[in-house]
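Reckoned from all heavy atoms, side chains included, excluding hydrogens, waters and symmetry mates.
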Amino acid sequence: METRRPKQQPADKEMTPVQIEGVRKSSRETLAPRRLRYSPAAVTPRGRKRNIKDIQHKEEDSSVAEDSGMKATNGEGLSAYELERLENIRQNQAFLSAINLFQASMELKQSSVKQQPSQRGLRSRSPAEIKEVLPPRKSLRLQKKQAELLTLPPEPRGTSVVKEAFQLKKPAGPLSMEPVNMAEGSKLPPQLLKLCSDVGSSQQCATLTNYNYLICNIICQVHIFSYQVLPQERREELNVSEYTSLLKKMNISKVKVAKVVKDRIFSAAFHPSSTNLLMAAGDKWGKVGLWSLGGDWGDDGVLLFEPHTRPVSCLAFSRVHPTQLLSLSYDGSMRCMDMEKTVFDEVYDIKDGLKTFDFLSHDCSTLVVGSWHGDVAIVDRRTPGTSHESLHSLDPKVLRCVSVHPLQQQYFAAAMSEGVNIYDSRSLKRHQSQPVCQLRGHSLSISSCYFSPCTGNRVITSCLDNHIRIYDTTALTSEAPLLTSIRHNMQTGRWLSKLSAMWDPKQENCFIVGSLSRPRIVNVFHESGRPLHVFKDDEHLSTVLSVTAFHPCRNAFLGGNASGRLHIFSD
DNA sequence: ACGTGATGACTCC
DNA sequence: TGGAGTCCCTCACG
């Protein structure tokens, strides 16, 4: 490109308008400010691409020039053009620093560095495994054989092949509990059973955990079923600053990330053990993975099972029998992994569409189970069989989540298309049951609702209208007052599990929620909406942790992502 | 009722 | 190494 920089022009000689126009057109220098708004690269008078660093450097030069009085003494060779140019550069620089472009570009560079996902846990399939080895083929023509008359198989009626595959379900009855990531016929590691049986003494629980677990231990050991008469022995609740300082101590490391299931995580749960971190995750294709941090069995402590065929949408360990894990799936089956019997027992079964459940009694024998068709069933596990439970139709469209009141367990909250309602399970009707209380104010579909863990005085909801709402349910009147509404991006789209705000079972007023922000983070908020902590880690947290859960007694939480990896932050 | 677009992580070429 | 393709009873909107 031709340069017409009027270097030789005397600085003090005024340029004619024609000359200035000419200079502007040819040098492009004066266009730079506009250009720079869109691109970090500018074009120099010589047509060379110039990067930000060059400009920075020039800027330093120009400031030096100004400082040293060069501007004042134009006799040192700086023309009016040159001065104008320097001024332009200075303005560019000021503009760029005002919008933090340098910082943003650095962050972008860092975030665009592709990180290798953790190779702990389940192994990704090797190319040899993926490529099916086929016998060498030779055409009939080359074999000098008559061509076969081929007819197409009959078209499946009404359903596509994919849809038929969706409807496949595991056979009825107990399923053997064989890990699919171990050699055929492998037994469960005996250490796992020992680990699951150990949830610590009730003394430990009294000091370490919230009272839910204390109660459970008491139920286990003394068989006291009357909940309300027990003394208020729950852990002394921390004040917010104490709690925040505990959060700050939690971190992640290489060993705390592992692939636990093969596909996107739909649900996850912590085992109540206070001595070991044991987690379960359910994925899109009916797999359930058990991961013990530091376990020396399976793949880095991961065992994989296949109790369902469709997304495992809800998982929870029994609080009374910690060797039992309940799971429920879109395929319509609900099962109980029993590590002592080493089977997946059937608990409940419908045609399809099971979505959510919660324990309705402290001994975990009765459950409220919800389907996406809008029905809830009260299931009593002590009764043999799987299909004679009482069924109630709440909402003809969708039911996303149910949550049972921790103290008054006859009440449960249900997130439906119209909003969140609280029902009394004793007075449900077959159709059109009247709610005890309504939680209004949601403008789009609601993905979850949970009673606060210790008192049930709050319900937290996560809604696709980008708000997390907290309602006061102290008095279950016809309409619960909205206490807080926190803006949070919930647009996970089609390929990620939906975000759900989850209470910390150890701290009544605080909750955790995944985030779509970059760099990836996980937020902890106080119910007032005050942000308490942001979990982040450049090295080990690089994906959206849609599914999150705090440990019931340890200072730890888990987060599951769209590729089946669990992440733990713990102290 | 139906079509469409947005969304993130991974795999394959 | 990077970019295209894939995932698949999503949800909201037009």
**Message:** Does anything in residues 432-448 of chain A form a salt bridge (charged side-chain N to carboxylate O under 4.0 Å, His left out)? List the pairs, not counting sequence neighbours.
**Reply:** A:Arg440-A:Glu479
Going by the rule side-chain hydrogen bond (donor to acceptor under 3.5 Å, both in side chains), which residues pair with [X] if we only count those two or more places apart in sequence or in a different chain?
X: A:Asp283; result: none
X: A:Ser333; result: A:His308, A:Asp331
X: A:His488; result: none

Between [X] ([atom1]) and [N] ([atom2]), how many Å, whole number?
X: A:Arg518; N: B:dT7; atom1: CZ; atom2: C1'; answer: 11 Å
X: A:Gln119; N: B:dA9; atom1: CD; atom2: P; answer: 16 Å
X: A:Leu496; N: B:dC10; atom1: CG; atom2: C1'; answer: 12 Å
X: A:Ile265; N: B:dG8; atom1: CD1; atom2: C1'; answer: 14 Å
X: A:Asn561; N: C:dC7; atom1: CG; atom2: C1'; answer: 15 Å
X: A:Lys262; N: B:dT11; atom1: NZ; atom2: C1'; answer: 15 Å
X: A:Leu399; N: C:dC9; atom1: CG; atom2: P; answer: 19 Å
X: A:Met490; N: B:dG8; atom1: CE; atom2: P; answer: 15 Å

**Complete:** Regarding the side chain of A:Arg310, the nearest nucleotide among C:dC9, B:dC10, B:dG8 is C:dC9
side-chain N/O [X] vs [N] OP1/OP2, d < 4.0 Å:
X: A:Ser563; N: B:dC10; result: yes
X: A:Lys498; N: C:dC11; result: yes
X: A:Arg400; N: C:dC11; result: yes
X: A:Arg264; N: C:dC7; result: no
X: A:Arg565; N: B:dC10; result: yes

**Request:** Run the salt-bridge test on A:Asp472 and A:Arg458 with the 4.0 Å N-O cut-off and return the result as yes or no.
**Result:** yes
**Asked** Is there a donor in the side chain of A:Arg530 and an acceptor in the side chain of A:Ser528, or the other way round, less than 3.5 Å apart?
**Response** no
**Span that lies between the C1' atom of C:dC9 and that of B:dC10, in whole angstrom** = 23 Å
**Prompt:** Is a donor-acceptor contact shorter than 3.5 angstrom present between the side chain of A:Asp263 and the base of C:dC7?
**Reply:** no
Dump every N/O contact between nucleotides 1-6 of chain B and the protein below 3.5 Å, one line per pair.
none

**Asked** Partners of A:Glu346 by side-chain contact (heavy atoms from CB on, under 4.5 Å), sequence neighbours excluded?
**Response** A:Ala172, A:Arg335, A:Asp349, A:Thr386
Show me the side-chain donor-acceptor pairs of residues 292-304 of chain A shorter than 3.5 Å, one per line, residues at least two apart or across chains.
| residue | atom | partner | partner atom | Å |
| --- | --- | --- | --- | --- |
| A:Asp299 | OD2 | A:Asn181 | ND2 | 3.0 |
| A:Asp300 | OD2 | A:Gly121 | N | 2.8 |
| A:Asp300 | OD2 | A:Arg123 | NH1 | 3.3 |

**Heavy-atom closest pair, residues A:Ile468 and A:Ala501** = CG2-CB, 3.9 Å
**Message:** So, using ring-ring contact (aromatic ring centres under 6.0 Å, His included) as the criterion, who are the partners of A:His551 when residues are at least two apart?
**Reply:** A:Phe270
Restricting to nitrogen or oxygen on both sides, can you table the protein-nucleotides 12-14 of chain C pairs closer than 3.5 Å?
| residue | atom | partner | partner atom | Å |
| --- | --- | --- | --- | --- |
| C:dA12 | OP1 | A:Ser445 | N | 2.9 |
| C:dA12 | OP1 | A:Ser445 | OG | 3.1 |

